[in-house]
Amino acid sequence: MFGFKYFTPTKVVFGKDTEKQVADLVKEFGGKKLLIHYGGGSVIRSGLMQRVTDTLDAAGIEYVMLGGAVPNPHLGLVYEGIELCKKEGVDFILAVGGGSAIDSAKAIGYGVANGGDVWDFYDRKRKAEGCLPLGVILTLSATGSEMSDSSVITKEDGLIKRGYSSDFGRPKFAIMNPELTMTLPDYQTACGCTDIMMHTMERYFSQGGNMEITDALAEGLLRTVMNNARILVKDPKNYDARAEVMWAGSLAHNGLTGCGNDGGDWMAHKIEHELGGLYDVAHGAGLAAVWGSWARYVYKNCLPRFRRFAVNVMGVSAEGSDEEIALRGIEALEDFYRDINMPTNLKELGVDASDEDLALMAHKCAVGLGGSGGSAKVLYEADILEIFKASRG
Ligand code: NZQ
Ligand code: ZN
C-alpha cells in the first residue's frame with residue numbers, strides 16, 4: 001500500500017427534513033450574506049427553494065440568488081456569479097441542486113477568493129489559494145461534489161470541459177435528504193448511479209498500492225449501488241434505496257475508496273468529459289457509453305484487478321482463464337447498464353460522431369492530460385482515439 005492523505009472536512013447532515021437546518025448550518029460556518037446558486041429551476045418547481053428561503057428569512061440571513069447552472073456548467077455564468085458576489089459583499093455560497101450547481105458554486109468561490117481569471121485554475125496555469133466557504137443542499141446523488149475537492153466547468157469558447165481539484169473547494173456542510181431526489185427523472189437517477197459506481201471503479205482499476213480494507217469498501221459500495229439502482233428502476237420513491245444511493249455517492253468520491261492506492265485511473269472520466277464538452281450529454285450516461293470500450297482496451301494490462309472485479313463485484317463464475325473471467329465481468333457490468341436503461345455505446349447515447357469529431361476529442365483529451373493519463377494502462381492520444389472508435393456501436 002502507499003501512504004495517503006485523507007481529508008473530508010464536510011459536515012454531513014443526512015435524513016428527512018434536514019433542509020430545515022440550513023440557517024443554523026450557515027450561521028455555524030460564519031455565513032452572513034449568501035449567494036444561493038442553483039440550476040435550471042427544478043428546485044423552484046419542487047418547492048424546495050421556497051422552504052429554504054423561508055428558513056433563511058426567519059433567521060434573518062441575507063441572500064442574493066443566481067440560477068441557471070446548466071448540466072456541464074458554463075464558465076460564463078461563473079464570471080457572472082463572481083461579479084455578483086463582489087458587488088453584493090457575499091461571504092458564503094449555498095449551492096442547491098446537483099453536481100452542476102455545486103461545481104459552478106465552487107468555481108465562483110475560487111473566483112472571488114483569488115484575483116485574476118478563474119479559468120486559469122481549470123487550465124492548469126495556477127493553483128487557488130482559497131475559496132469562499134460554501135454549503136450544499138443536494139438534490140441529485142451522482143457526482144459526490146457535495147464532499148469532493150473537484151469542480152468541473154465548461155468553457156463555451158472551444159467547448160473545453162476541465163476539472164479543477166483543491167481542498168479549498170470542499171464544502172463546509174452538505175445537507176442530504178434522500179426525499180429531495182424523488183422528483184428526479186428516472187434517466188437522471190440511473191446516470192447518477194452510474195457516476196457513483198464509476199468514481200469508485202476509477203480508483204479500483206489501478207496498478208498499485210491496493211489495500212484489502214479499501215477494496216472491501218469499494219466492492220461493498222459497488223454491489224450496494226447496483227442492488228439499489230435496480231430497485232429504483234421499479235420503485236423510484238423507495239426511501240431506503242434513495243438513501244443508500246445518496247450516501248454511496250458521497251463515499252464514492254470523498255477519497256475513502258482510494259486510500260492506499262496510486263490515485264486511480266480516471267481515463268473513462270477524461271474521455272467522457274470530452275463528450276460532455278462537445279455534445280452536452282449527461283455525465284453518467286456518457287460514462288456508461290464509453291466504459292466497456294475502455295475496459296476491453298486496457299483489461300489485459302490490469303488483469304488481476306479486472307478478475308477480482310468480475311468475481312467479487314459482478315458475481316460471475318471463477319471458472320476458466322483470468323482473461324475469460326475478466327471479460328465476463330465487463331459484459332456483466334454492461335448488462336447492468338442495460339437493466340437501468342443506460343447506454344453502452346455512443347449510438348445508444350444518441351451521439352453520431354464524425355471521424356473528425358472523434359479525432360478532435362482524442363486530441364483535446366490528450367492535451368488536457370499533458371500527453372497521457374491512466375493507471376490500469378497509460379493511454380496516449382492514439383489509444384484514446386481507438387477507444388472512441390470502439391465505442392461507436
Ligand atoms: O438544473 P435543474 O433544473 O436543477 O435540473 C437538473 C438537471 O437538468 C436535474 N435535477 C437535479 N436535481 C433534481 C433534478 N430534477 C428533478 N428533481 C431533482 N431533485 O438533473 C439534471 C442534471 O443535473 P446536474 O447537476 O447537471 O447533474 P449531476 O449531479 O450529474 O452533475 C453533472 C456535472 O458534474 C460533473 C459532471 O462532469 C457534470 O458537469 N462532475 C463533477 C464532479 C465533482 N465535482 O466532483 C465529479 C464527476 O465525475 C463529474 O465530472
Ligand atoms: Zn463522475
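Atoms within a ligand are numbered from 1 in the order they appear, just like the ligands themselves. Sequence positions, counted from 1, serve as the residue numbers for this chain.
In this structure a side-chain-to-backbone donor-acceptor pair under 3.5 Å is missing from Arg170 to Pro9. Formation of a donor-acceptor pair under 3.5 Å by the Glu348 side chain with backbone atoms of Pro343 is not found in this model.
In terms of N/O distances under 3.5 Å, ligand 1 is approached by Lys161.
Salt-bridge check for Glu88 with Lys33: passed, with a basic side-chain N closer than 4.0 Å to an acidic carboxylate O.
A side chain to side chain contact (heavy atoms under 4.5 Å, CB included) with Val13 is found for exactly one of Lys20, Glu19, Gln21, namely Gln21.
Protein heavy atom at the shortest distance from atom 16 (C) of ligand 1 is Thr183 O, 3.4 Å. At the top of the distance list for atom 24 (P) of ligand 1, counting protein heavy atoms only, stands Ser100 OG, 3.4 Å.
Per-residue contacts place Ser150 under 4.0 angstrom from the following atoms of ligand 1 (heavy atoms of the residue considered): 43 (C), 44 (N), 45 (O).
For Asp195, the N/O/S atom at the shortest distance from the Zn ion (ligand 2) is named OD1. Looking only at N/O/S atoms, His269 comes nearest to the Zn ion (ligand 2) through NE2.
At a cut-off of 2.8 Å, His199 is counted among the residues with an N, O or S atom near the Zn ion (ligand 2).
Defined by atom type and a distance below 3.5 Å, a donor-acceptor pair is missing between the side-chain atoms of Asp265 and Tyr204.
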